[in-house]
Structures are given as C-alpha cells and as structure tokens.
Amino acid sequence: MAWAQSATTAIPNDLQSYWLPFTANRAFKASPRLIARAKGMHYYTPEGRAVLDGTAGLWCINAGHNRDPIVAAISTQAAELDYAPAFQFAHPKAFELASRVAALAPGELDHVFFTNSGSEAVDTALKIALAYHNVRGEGARTRLIGRERGYHGVGFGGISVGGIVNNRKFFGPLLAGVDHLPSTYNRERQAFSKGEPDWGAHLADDLERIVALHDASTIAAVIVEPMAGSTGVLPPPKGYLQRLRAICDKYGLLLIFDEVITGFGRLGCAFAAERYGVDPDMIIFAKGITSGTVPMGGVIVRKSIHDAFMRGPEHGIELFHGYTYSAHPLACAAGLAALDLYHAEGLFERARSLEPFWADAAMMLKGLPGVLDIRTVGLTAGIDLAAQPDAVGRRGYEAMQRAFQDESLVVRVTGDTLALTPPLIVSEHEIGEIFDKVARVIRAVA
Ligand SMILES: Cc1ncc(COP(=O)(O)O)c(C=O)c1O
C-alpha cells in the first residue's frame, strides 16, 4: 500500500469539541491515537504509518478494511437511492438482505427487524419479547434475565440486562424486574483453556433458582452472549448453552442470543448458534453484517414469534417500534456486498480453519510476566494481565498505548484485559506478527 504509506492527512488542530465514547478523553487528547485511512489488515496514521489491526475495528471489520466490492456497492447505492421512508414504505434491498440474513440463521428464525446498532437491536429484542407475551395474553411475563459480565450495548434495556458494573452504576435504577445469571468464568477451574472450557455447564442451572424465586409466569426472556466478548472473551463452558435452552423450554422463557460480536464468522460459523447446535428464539446482530462499513444492526426472530403479532385489522400497525434509518439503503447495500464477500472468500470457514493455529499462537504468551490467563475461541483471544497495585486498568491502558505507538498494532483493552479479534482475512504470518508484538508489549508494561 505505497500510496497509503506515503500519503499524509491534515491533523486537526483543535481536539477540544469531540467527546470520545468509552475513552479516557484527557489522556487521549494529551497523546492522540489518530487513524486516517485503512486498507485490508492495516490502518494508516495521518503521517502514513501502517498499523496492524488486531481487533477488526471494534470486532466488526470481518472482511478487512475498505474492500473494493463493499466500497463500490455503497457508492453505487448512494447515487441510486439515498433514502426511502422506513415506515409504511420500503426499498427492494431491505427485503433482499432480510432474506439473506434469515437464510444464514438456524431453525425457524426467519424474520428480520433492522436497527442501526447493536444497542438498538438489544432494546428491540427485549421489546419484542415483552410484546410477544403481551399479545399472547401472558402480559405478566415482564421480567428479563441477563448475566453478570454480560455486555448488551448502552441503551437502558441493554445496561439493565448487562452485567458490567461501570456501565450500570452511574445511571440510576435502570429497568425494573431484571435478574442476572452468574458469570460463566472461573479462573481457578478454567485458566488457559483453548476454546470452550470443560468446567461450568452447571452454572446454567442457576436459572432454575431464578425461576423458583420469581415464578416462570413473570419471566419473559433470558438474554446472553454465546461468547461474552466485551468483558474479555469468555467462551461458554461445554454444554452450558444447551442447558440454558432446555431450562428456557421447560418454563416457556424466550432465549435471546446477542451475537453482535459472534455473528458473521467470528467463531467460524455464520452464528454461534450454529457452532453450539442451539437454536435461540431470537438472534441479535450488528457489526459484521456490513463488515463495519455502515452502521446497522437487527434481530432475527423465530417465525412463531413474528406470526403472533400478525393479527387485528390489516391496516393496523402490528408492532409500534422502529427507527428512521431501519434498513437504510446504504447499510443494505453494504450488507449484501459484505455477505457476498464472506461467501466468495469462504471467510467463516477460514476463521474455523485458522482457529487451532490462532489458539496455539495466543497460548505462547503463557508464562510472560503478569499474564494471569489466556482464553481463545474462534478468532478471538482474551489475555488477562495482573493489575498494578491500586491502579486497576493502568497496565491495560499502557499496553494499548504502547501497542499503537511502539509496535504499530491496535489492541482492545477492558480494564487490564487485552482482547484480540483480527479481520477474518488475517494470514498465519500476520497472526505471528500480532502475537510477537503483543509479547513485546507485555514485557514492556510488566
Ligand atoms: C454483545 C454486544 N451487544 C451489543 C453491543 C452494542 O453494539 P453497538 O455498540 O453497535 O450499539 C455490542 C458492542 O460491542 C456487543 O458486543
């Protein structure tokens, strides 16, 4: 990419006005990490320095950056139809993309409701769950069950069922009637597991306790990430999701998989539901649907849930919910092009076949100073570093900063946990490069 390496971009001279999301703003503005261009596996800084993308953007650029077919589809679409009203009207590509997404989903999940982000998709799924029970005459089913350490975006619904304390504690009482399953993670029992840990399936049985406490007749749905990503890559214990499904079936609870991260190849399948052979009632997706190029999310819904709404007078709206930009034409065009690219290049299969190599490479970091645990599944890895005394998160922050400045690598950090999730086009050579860089960073911050 000689053009990108040599090109330079104007650097903004005023960093004041922009309030960055989920960012240490003062530290950023003191030492900004600016990205101006990208291609394939790399970003380029405004000065033209190539930086390896170890995190597929924010777990979303599954096909790699600025892929020509997606870029072309977006620009063609912008010239053809910029926007059509999403309520009471539609454009052809919305139907085409919904059919394509439904075809990738397991079982009877065959209707797709589009949103603009994962957070909106989470709130949409929770609302559909509540309304579904309501229209069936079981309106007392209003409780929602999430899980400790779960991340379901930042809407009030999502932070209520989510289980990450800093995302919740500043924002008041949140939704009423929410309970949480315990996290599936136990370092003593699971440390340095490749893939799904052997220990922990029984933690699903805690749902029985929650049902006994509240009664099934008050519970609408259970929502989990099949693999908890944002909290630091926690693969599900073997058999855990199957057990959760069985208990939900026993009590008539809907099971919602939040596949915002795990969807579109991250775990070697279209959806993690397929990897684990468990059919949820709804799948939430976002990120990889457009390979991160245009904001889009959505919910894939079981036929029987959708059909329960299809009653009353034909001119009547069945679900009072939606967004101005649901199924935006640019997002649909990007989504269709991304799905074509995933298929043409076999990227889901590629992720599956690279998984053992990836896991072995990640585990080479075991034994480096301060490395407490490493977890891998699909093309993801979480690396827990020991926190500095009285400064939780500082070592992780320094690792992220050093990776970018000294090693030209983007890593994701939550607290003192590093997460790696490269684009699915990553080569074995680049996997080696990623972990060599991470090893140097870990030594440097030890
Ligand atoms: C599992 C999960 N759900 C929901 C979201 C929220 O998506 P968004 O940031 O697009 O709102 C994320 C984002 O990382 C996620 O990982």
Side-chain angles (χ1 to χ4, degrees), residues 20-23 55-62 113-129 144 146-164 166-168 171 175 180-181 183-185 221-236 241 255-267 271-273 275-276 280 282-300 323 325-328 331 334-335 338 375 377-382 410-415 417 419-421:
L20 288 83
F22 275 122
T23 297
T55 58
L58 278 177
W59 328 65
C60 53
I61 310 288
N62 291 5
F113 196 103
F114 286 113
T115 70
N116 309 292
S117 66
S119 298
E120 290 175 354
V122 167
D123 276 13
T124 299
L126 299 178
K127 286 175 75 176
I128 290 176
L144 299 166
R147 192 170 59 193
E148 293 163 0
R149 295 190 70 169
Y151 183 71
H152 300 291
V154 293
F156 272 102
I159 62 173
S160 300
V161 292
I164 298 180
N166 282 332
N167 296 351
R168 295 163 50 88
F171 307 112
L175 282 190
H180 289 80
L181 291 160
S183 162
T184 60
Y185 182 60
V222 175
I223 178 169
V224 292
E225 303 159 86
M227 178 277 291
S230 295
T231 190
V233 181
L234 309 180
L241 294 170
L255 179 60
I256 304 169
F257 278 0
D258 182 344
E259 297 228 26
V260 166
I261 280 177
T262 53
F264 303 103
R266 181 57 51 198
L267 300 194
F271 294 104
R275 177 175 173 121
Y276 297 115
M282 290 187 244
I283 289 178
I284 294 163
F285 65 88
K287 297 190 188 272
I289 176 67
T290 62
S291 196
T293 53
V294 181
M296 178 174 243
V299 186
I300 319 172
Y323 303 92
Y325 300 123
S326 283
H328 190 283
R375 299 168 291 278
V377 64
L379 281 188
T380 68
V410 168
V411 301
R412 175 99 188 99
V413 68
T414 23
T417 298
L420 293 160
T421 57

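The residues of the chain are indexed from 1 along the displayed sequence. Since this is a predicted model, take the numbers as computed values, not measurements. Remember, it's 1-based here, ligands and their atoms both numbered in the order they're listed.
Comparing heavy-atom distances from atom 2 (C) of ligand 1 across W59, F285, Y151 singles out Y151 as nearest. Nearest residue to atom 4 (C) of ligand 1 from G292, G158, A286, G153 is G153 (criterion: closest heavy atom).
The shell of residues lying under 4.0 angstrom from ligand 1, judged by heavy atoms, includes S230.
At a 3.5 angstrom cut-off on N or O pairs, G118 counts as close to ligand 1. Residue E225 has no nitrogen or oxygen atom sitting less than 3.5 Å from a nitrogen or oxygen atom of ligand 1, judged on distance alone. Inclusion of E120 in the set of residues having an N or O under 3.5 Å from an N or O of ligand 1 is not warranted. Ligand 1 has an N or O atom lying under 3.5 Å from an N or O atom of S119, backbone or side chain.
Closest of all the heavy-atom pairs between E259 and A272 is OE1-N, 2.6 Å. A121 and G297 get closest at one heavy-atom pair: CB-C, 4.5 Å. The two residues R266 and A56 make their nearest non-hydrogen contact at NH2-CB, 3.5 Å. Closest non-hydrogen pair, T124 versus E120, comes out as OG1-O, 2.7 Å.
Close contacts of ligand 1 with S117, meaning ligand atoms under 4.0 Å from a residue heavy atom, involve 10 (O), 11 (O). Near I261, meaning under 4.0 Å from any of its heavy atoms, are these atoms of ligand 1: 16 (O).
Protein heavy atom in closest approach to atom 3 (N) of ligand 1: D258 OD2, 2.7 Å. With respect to atom 14 (O) of ligand 1, the closest heavy atom belonging to the protein is K287 NZ, 3.0 Å.
Of the possible donor and acceptor atoms, one in the side chain of R168 sits under 3.5 Å from a partner among the backbone N and O of I159. Using a distance-only test at 3.5 Å, with no hydrogens or angles considered, no donor-acceptor pair links the side chain of T55 to the main chain of T421.
Side-chain contact between V122 and I223 is present, with at least one heavy-atom pair separated by less than 4.5 Å.
Using modelled atom types and a 3.5 Å distance limit, the side chains of R149 and T231 yield a donor-acceptor pair.
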